[in-house]
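In what follows, a single structure is set out as structure tokens and then discussed.
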There are 2 protein chains.
Amino acid sequence: MMAPNMKDVAKRAGVGLGTVSRVINTPHKVSPPTRLKVEKAIKELGYYSNEIARTLKTRNTRNVALVLPSIWHPFFSGFAYYIENYLDEQNYRLMLCNSDGKPDKEVYYLEMLKEKKVSGIIAITYNQIDDHISSDLPIISFDRHFKDDVTCVTSDNLKGGEIAAKTLHETGAKKLAYVGTINNRIDSEVKYRRIGFENYVKAHGIDHFIYTVEDPIRDYDAFLDTFFKRHNDREGVFVENDNLAKKLIKKAETLNIKIPEQLKVIGYDGVEETEFFEPKLTTIKQPLEAMAKASVEALIRIIETGPKVERIVLPVELKQGKST
Amino acid sequence: MMAPNMKDVAKRAGVGLGTVSRVINTPHKVSPPTRLKVEKAIKELGYYSNEIARTLKTRNTRNVALVLPSIWHPFFSGFAYYIENYLDEQNYRLMLCNSDGKPDKEVYYLEMLKEKKVSGIIAITYNQIDDHISSDLPIISFDRHFKDDVTCVTSDNLKGGEIAAKTLHETGAKKLAYVGTINNRIDSEVKYRRIGFENYVKAHGIDHFIYTVEDPIRDYDAFLDTFFKRHNDREGVFVENDNLAKKLIKKAETLNIKIPEQLKVIGYDGVEETEFFEPKLTTIKQPLEAMAKASVEALIRIIETGPKVERIVLPVELKQGKST
DNA sequence: CTGTTAGCGCTTTCAA
DNA sequence: TTGAAAGCGCTAACAG
């Protein structure tokens, strides 16, 4: 009545325990006749090997935690989708961990590594948790660096910022602005979007303004309101991410500013989240799938062959919409 | 150098193995002085207990698989968010499984139960997989029934359909329509949205038309095009879900049909997915969080205290927008 | 190529 | 209240 185990299979097939294990893990090391006997017994008993017991021996749970603020955000759910796909391809499974951006939850999930609940972690975190991260742990960090460096995967934020500035300028916007956040608590890669933008406008002597507030934004409406009040002469604006860009466009509409005639807008992310948004947003598209693939591959490399710190930067591209 | 185990702790604390185990699992069964000794040793060694080994003994992985078509859909990612929250509250973890709606992947993930990779499954499936489901397995099905009944969680689709019909009619639409799909392969609860709608219009002698196509919809544009060509006299339409409703509204706009003046539209789901969609959609809101909570609670009940089939139907409510 | 055996780290009787 | 010991189901080293 109880689920059969390997011993039951061995008995039924009239072979030793090890032979059954070999049929399952290294079938080529078993002679065809014995293999057949064992496979027959497995089928007859409806045997499934117990992953828990295997893991106790092999020490690899084949579980990976994806720690992120909230799966309920299109960018993250798209990322999670691809991560799960690539993990599954390598016979790994994805543990979903919503941190809500809270430091204690981020740490809490990182501890799963110690309890052997997972073999590795892909982390998208926004708090000061450097003490819990170390370069010999199987951790991939997304879009950020830690004191003790770990492998980091990002899109080419610097280039993205440059492309945005270039595009705005070349489509006729003379007075530009960057709208986004700054984060003094952690070493986020997102800042390079601004730096890339600045590099370009400075190199070309373009009139520009950097409009930022400390992350996270508490009051979007006030933030955007002030922007338009103080800088209503801008003709092109590069916004830190698509979500904020859309809010900015909606705000502009209430002020009767025509997009793109009076104001050109470029966002950053490029996830197909809102087929219904109008005007279709011009944006710097992150290679979501490639980033997921790179994250998974780097992590599994670490899990299976030991620590190795890399810095993986993937190319972005301009996705033309109707907002420029 | 290797991570310390329970034996190391026992040695350091000068107690037996069992005592350490007791300190961790049933501290009240250990005398305070010994407990203190053990706790000290645990801290000094930086010991974390190994979940894998524990599971081999206790047989509960405390992992739950959430099988769904794609996390990359706002309704599912919202659901997953809450599921993970409630699971975590009970010290369970969520394994994310994207099936892409493919039968073989659905089955593949269901098999994880047999390999003891997970202790239970919450399944949102769309294929003929009844042979792999049985009422004594720890499975919760979302929005559908199986041959061998398992606990099913749904929103009150029937009532939702009635409310939609009633609302459309009472706001002045005389000629109504239902737009959606039918599924002959599986026993989906979604059909009750249509049935509730029909119940109401028939009971009140309201002019109506049921416009459906076999699930899944291959060509949305053709589907909606035909609807408007053949039934352009409709004044109110209840659409099977918000996503389809939005597509229908966009289609109507291209035909210069004014929403809600010429056509009132009500959707179903009510997930805050598109703060930017206009006109704001009137919809039947599913109690996403309550459904997640109920699913988790029912599943853990089954995992921890044995099989029990329930039918859990949660109340819906009208969420007023600008499309009616 | 195959059988036997010693653990993996923990929980849980069973005696003491 | 505690320690000793017997597994949980599997893998892998070893001997044959």
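Just so it is clear: chains get the letters A, B, ... in the order the sequence lines come, proteins before strands, and each one is counted from 1. Any value given below was found using the heavy atoms of this structure, including those in side chains, with hydrogens, waters and symmetry copies removed. The structure displayed is predicted, hence computed values, not measured ones.
Residue A/Lys7 contributes atom NZ, which lies 15 Å from atom C1' of D/dT11 at whole-angstrom precision. Atom NZ in B/Lys116 sits about 9 Å away from atom P in D/dG9, given to the nearest Å. Distance, B/Met6 CE to C/dT12 P: 11 Å, rounded to whole Å. Note: NZ (A/Lys11) to P (C/dT2) measures 21 Å, nearest angstrom. Per the geometry, CG belonging to A/Asn60 stands 15 Å off C1' belonging to D/dC10, to the nearest Å. Put simply, CZ on A/Arg35 is 10 Å from P on C/dT2, counting in whole angstrom units. Atom CD1 of B/Ile52 and atom P of D/dT11 are 14 Å apart (whole Å). The CZ atom of B/Arg54 sits 17 Å away from the C1' atom of D/dG7 (whole-angstrom rounding).
Taking a cutoff of 4.0 Å between a charged side-chain nitrogen and a carboxylate oxygen, B/Asp130 and B/Arg185 do not qualify as a salt bridge. Of the charged side-chain nitrogens involved, at least one lies within less than 4.0 Å of a carboxylate oxygen, so that A/Lys147 and A/Asp131 count as a salt-bridged pair. A/Glu189 has a carboxylate O that lies under 4.0 Å from a charged side-chain N of A/Arg311, or vice versa, which qualifies the two as a salt bridge.
The side chain of B/Asn50 contributes no N or O atom lying less than 4.0 Å from OP1 or OP2 of C/dC8. A sub-4.0 Å separation between OP1 or OP2 of D/dG9 and a side-chain N or O of A/Tyr48 is absent. Under 4.0 angstrom from either OP1 or OP2 of D/dT2 there lies at least one side-chain N or O belonging to B/Ser31. Contact check, A/Ser21 against D/dT11: a side-chain N or O comes under 4.0 Å of OP1 or OP2.
Taking the nucleotide of DNA chain D with the nearest heavy atom to each of B/Leu17 and B/Arg59, the more 5' of the two is matched to B/Leu17. When each of A/Arg22 and B/Ala53 is assigned the nucleotide of DNA chain D bearing its nearest heavy atom, the one mapping closer to the 5' terminus is B/Ala53.
A donor N or O paired with an acceptor N or O is not found under 3.5 Å between the base of D/dG9 and the side-chain atoms of A/Lys57.
Residue B/Val30 is in sugar-phosphate contact alone, with no base atom involved, counting any heavy-atom pair closer than 4.0 Å across all strands shown. Residue B/Thr55 is out of contact with every strand shown, counting any heavy-atom pair closer than 4.0 Å.
Side chains of A/Tyr108 and B/Asp88: a donor-acceptor N/O pair is present below 3.5 angstrom, by distance only.
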Let me see the working for A/Leu137 and A/Val150 under side-chain contact (heavy atoms from CB on, under 4.5 Å), right down to the final yes or no.
-> CA-CA 8 Å; A/Leu137 252 30; A/Val150 300; over 6 Å; no
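With distances taken from any side-chain atom of B/Asn5 to the nucleotides C/dG9, D/dT11, D/dG9, the minimum falls on C/dG9. Nearest nucleotide to the B/Val15 side chain, out of D/dG3, C/dC10, C/dT2: D/dG3. Side chain of A/Leu56, nearest nucleotide from C/dC10, D/dG9, D/dG3: D/dG9.
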